[in-house]
*Asks:* 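The structure's right below; bear with me while I get my questions together.
To find a chain, count down the sequence lines: A is the first, B the second, and so on, and within it residues start at 1.
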Amino acid sequence: MPELPEVESIRRGLAEHLMGRRILTAQAFGTRVIRRAPRGLAPVVGRTVRAVVRRGKFLWCDMGEDLALLAHLGMSGQFRIDEPSGSEGAGGEERAGGSDNFGGKRRHLRARFALDNGRVLDFVDQRTFGYLAPVAFQATADGQPGGAGSKRAVVPAPVAHIARDLLDPYLDETALLEILGTTRRAMKRVLLDQNIVSGIGNIYADEMLYRARIHPEATALTNRAARELLHAGREVLQAALAAGGTSFDRLYVHVNGESGYFERSLQAYGRAGQPCERCGTPLQKIILGGRSTTLCPVCQVAPIG
DNA sequence: ACTTCGTCCTGCAAGC
DNA sequence: TGCTTGCAGGACGAAG
């Protein structure tokens, strides 16, 4: 489940390989990957990648002339850049679980782009929650003129409602703290709401709340707790980002969906039943908003103002 | 207007 | 052993 750190790592890898590259051909396999692309992938053919940009878990190639190739990885989407089939070097495959056919049409291949440097960009996705769509740009609602030090942004239209993330220097932190302090929704729901703060998924939401010692069902936080949550959140994201930057191979834009993740440093997610690293209490698993949630029933409390 | 819920999809794990 | 069932997840549209 790629969240902000993973998507940012992928963005960097893509930028390295795609900047200035022209797309010669674009092919979608099946219709699901282009379900949000009325005209399919055709609009990007012949266009050149000017930049690779991210907002929350969305990323896109800026193709200039009011065109973006928008991508969401869903749960299992991967980008891969390969040499032309048949010319791959021997012994280059060392990845655990690397059972894909190399050179031919690999399993779960959803789209393929031919680049002007002879390489191929593949979009691979097992669970098909990801998608690609050539779209136009639109100004965001955030950064109201005169707003607190925020800057207007222009993003692909389908992303205009997505908030900035915790690592975004233009995040309106005052407004976010206000929401955290007054909301009547469970705090984990708020963290997962991409319209409030973006980039956080089920894994890092649990981590942030655990580290900030805040119960996932806590509502309106005290100012102190809200600040603590943002602080813990930034630490979690930055640590994961630092770890993710090291897992790149030359031609592989993405870490392997399973093994490449930053699970080593996770203290809450997926550890239900195991002892809390702080107090030894077995971590508890609950369902919140239809999503599995892991927490320490002793350490994590609902701050009452 | 606001919040919650159901849906999409596939592979793996657990249960009978 | 082989089958069925359940679970996982992000984001969106529908329903409350």
Side-chain angles (χ1 to χ4, degrees), chain A residues 1-8 10-11 28-38 54-60 70-79 96-100 106-111 123-133 135 138 141 155-165 175 178-180 182-209 216-220 237 240 254-263 266 268-273 285-294:
Chain A
M1 294 67 41
E3 303 182 28
L4 187 158
E6 292 82 14
V7 178
E8 173 60 18
I10 292 161
R11 187 199 67 76
F29 300 99
T31 56
R32 186 162 164 79
V33 71
I34 49 172
R35 64 192 180 278
R36 301 193 183 277
R54 179 187 62 77
R55 183 142 181 149
K57 303 173 204 171
F58 288 83
L59 57 84
W60 62 89
L70 180 65
H72 196 290
L73 302 172
M75 301 182 59
S76 55
Q78 305 178 31
F79 279 111
S99 57
D100 295 340
R106 52 167 56 99
R107 228 158 110 78
H108 306 305
L109 179 64
R110 309 301 177 191
F123 181 68
V124 182
D125 189 13
Q126 276 192 23
R127 295 189 183 176
T128 76
F129 277 34
Y131 60 89
L132 303 174
V135 296
Q138 182 180 319
V155 301
V159 179
H161 65 287
I162 301 295
R164 295 176 186 273
D165 64 65
E178 173 69 17
I179 292 173
L180 297 183
T182 57
T183 185
R184 289 196 279 184
R185 302 166 66 190
M187 203 48 53
K188 178 165 175 179
R189 284 183 175 284
V190 176
L191 291 179
L192 291 176
D193 189 339
Q194 306 299 302
N195 302 289
I196 294 176
V197 59
S198 69
I200 303 167
N202 205 39
I203 297 174
Y204 294 122
D206 278 7
E207 288 305 299
M208 293 174 187
L209 290 164
E217 291 172 313
T219 54
L237 294 178
H254 184 20
V255 295
N256 181 295
E258 253 58 57
S259 62
Y261 271 71
F262 318 139
E263 295 171 12
L266 296 182
Y269 180 85
R271 293 193 67 245
K285 176 182 172 180
I286 64 173
I287 302 297
L288 200 166
R291 296 290 175 245
S292 74
T293 300
T294 307

*Asks:* At under 4.0 Å between heavy atoms, what does K188(A) touch on the DNA or RNA strands: base, sugar-phosphate, or nothing?
*Replies:*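 It contacts nothing in the nucleic acid.
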*Asks:* Could you give the CG-to-C1' distance, from L73(A) to dT10(B), as a whole number of Å?
*Replies:*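 Going from L73(A) (CG) to dT10(B) (C1'), I get 17 Å.
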*Asks:* Examine distances only and state if a side-chain atom of D206(A) and a backbone atom of T294(A) form a donor-acceptor pair shorter than 3.5 Å.
*Replies:*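 Yes: the side chain of D206(A) pairs with the backbone of T294(A).
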*Asks:* Can you give the dot-bracket line for DNA chain B, where a pair is Watson-Crick or G-U wobble with both atom distances under 3.5 Å, crossing pairs use [ ], and | marks a partner on another strand?
*Replies:* ..||||||||||||||
*Asks:* Sub-3.5 Å donor-acceptor pair from the side chain of Q194(A) to the main-chain atoms of I200(A), do we have one?
*Replies:* yes
*Asks:* Is S292(A) near enough to dG9(C) that one of its side-chain N or O atoms lies under 4.0 angstrom from OP1 or OP2?
*Replies:* yes
*Asks:* What's the spacing between L73(A) CG and I10(A) CD1 if we round to 0.5 Å?
*Replies:* 5.0 Å
*Asks:* With a non-hydrogen cut-off below 4.0 angstrom, is R189(A) in contact with a base, only sugar-phosphate, or nothing?
*Replies:*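 If one applies the 4.0 Å heavy-atom cut-off, R189(A) turns out to touch the sugar-phosphate alone, with no base involved.
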*Asks:* Test your reading of the model: is there a side-chain donor-acceptor pair from T183(A) to the backbone of I179(A), 3.5 Å cut-off?
*Replies:*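 Not at all, since once roles are kept as given, no pair shorter than 3.5 Å links the two residues.
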*Asks:* Under 3.5 Å, which protein N or O atoms sit close to an N or O of nucleotides 10-13 of chain C? Give each pair with its distance.
*Replies:*
{"residue": "dG10(C)", "atom": "OP1", "partner": "N202(A)", "partner atom": "N", "Å": "3.1"}
{"residue": "dG10(C)", "atom": "O3'", "partner": "H72(A)", "partner atom": "NE2", "Å": "3.3"}
{"residue": "dG10(C)", "atom": "N7", "partner": "R291(A)", "partner atom": "NH2", "Å": "3.0"}
{"residue": "dG10(C)", "atom": "O6", "partner": "R291(A)", "partner atom": "NH2", "Å": "3.0"}
{"residue": "dA11(C)", "atom": "OP1", "partner": "H72(A)", "partner atom": "NE2", "Å": "2.5"}
{"residue": "dA11(C)", "atom": "OP2", "partner": "K57(A)", "partner atom": "NZ", "Å": "3.1"}
{"residue": "dA11(C)", "atom": "N6", "partner": "R291(A)", "partner atom": "NH2", "Å": "3.4"}
{"residue": "dC12(C)", "atom": "OP2", "partner": "H161(A)", "partner atom": "NE2", "Å": "3.2"}

*Asks:* For R54(A) and D165(A): C-alpha separation, side-chain torsions, deciding distance, then whether salt bridge (Lys or Arg N to Asp or Glu O under 4.0 Å) applies.
*Replies:* CA-CA 10 Å; R54(A) 179 187 62 77; D165(A) 64 65; 3.2 Å; yes
*Asks:* So, using side-chain hydrogen bond (donor to acceptor under 3.5 Å, both in side chains) as the criterion, who are the partners of T293(A) when residues are at least two apart?
*Replies:* K188(A)
*Asks:* Would you say R127(A) places a side-chain N or O within less than 4.0 Å of OP1 or OP2 belonging to dC8(B)?
*Replies:* no
*Asks:* Could you tell me the separation between the CZ atom of R184(A) and the C1' atom of dT3(B), rounded to a whole number of Å?
*Replies:*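 For the pair R184(A) CZ and dT3(B) C1', the rounded distance is 11 Å.
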*Asks:* Where the side chain of N202(A) meets the backbone of S292(A), is there a donor-acceptor pair that is under 3.5 Å apart?
*Replies:*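 At least one qualifying donor-acceptor pair exists.
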*Asks:* Starting at atom CD1 of I196(A), determine the distance to atom P of dT4(B), rounded to an integer number of angstrom.
*Replies:*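 Between P of dT4(B) and CD1 of I196(A): 10 Å.
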*Asks:* Rounded to whole angstrom units, what separation is found between the OH atom of Y269(A) and the P atom of dC7(C)?
*Replies:* 14 Å
*Asks:* What is the distance from CD1 of I287(A) to C1' of dC7(C), rounded to the nearest Å?
*Replies:*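 Taking CD1 of I287(A) and C1' of dC7(C), I get 9 Å after rounding.
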*Asks:* Nearest-Å distance, NE2 (H108(A)) to P (dT10(B))?
*Replies:*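 Rounded to whole Å, this separation is 9 Å.
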*Asks:* Answer yes or no: is there a donor N or O on one side and an acceptor on the other, between the side chain of S76(A) and the main chain of R127(A), under 3.5 Å?
*Replies:*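 Side chain of S76(A) to backbone of R127(A), a donor-acceptor pair under 3.5 Å: yes, one is there.
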*Asks:* When you compare the side chain of L237(A) with that of E8(A), does any pair of heavy atoms fall below 4.5 Å?
*Replies:*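 E8(A) vs L237(A): side chains apart.
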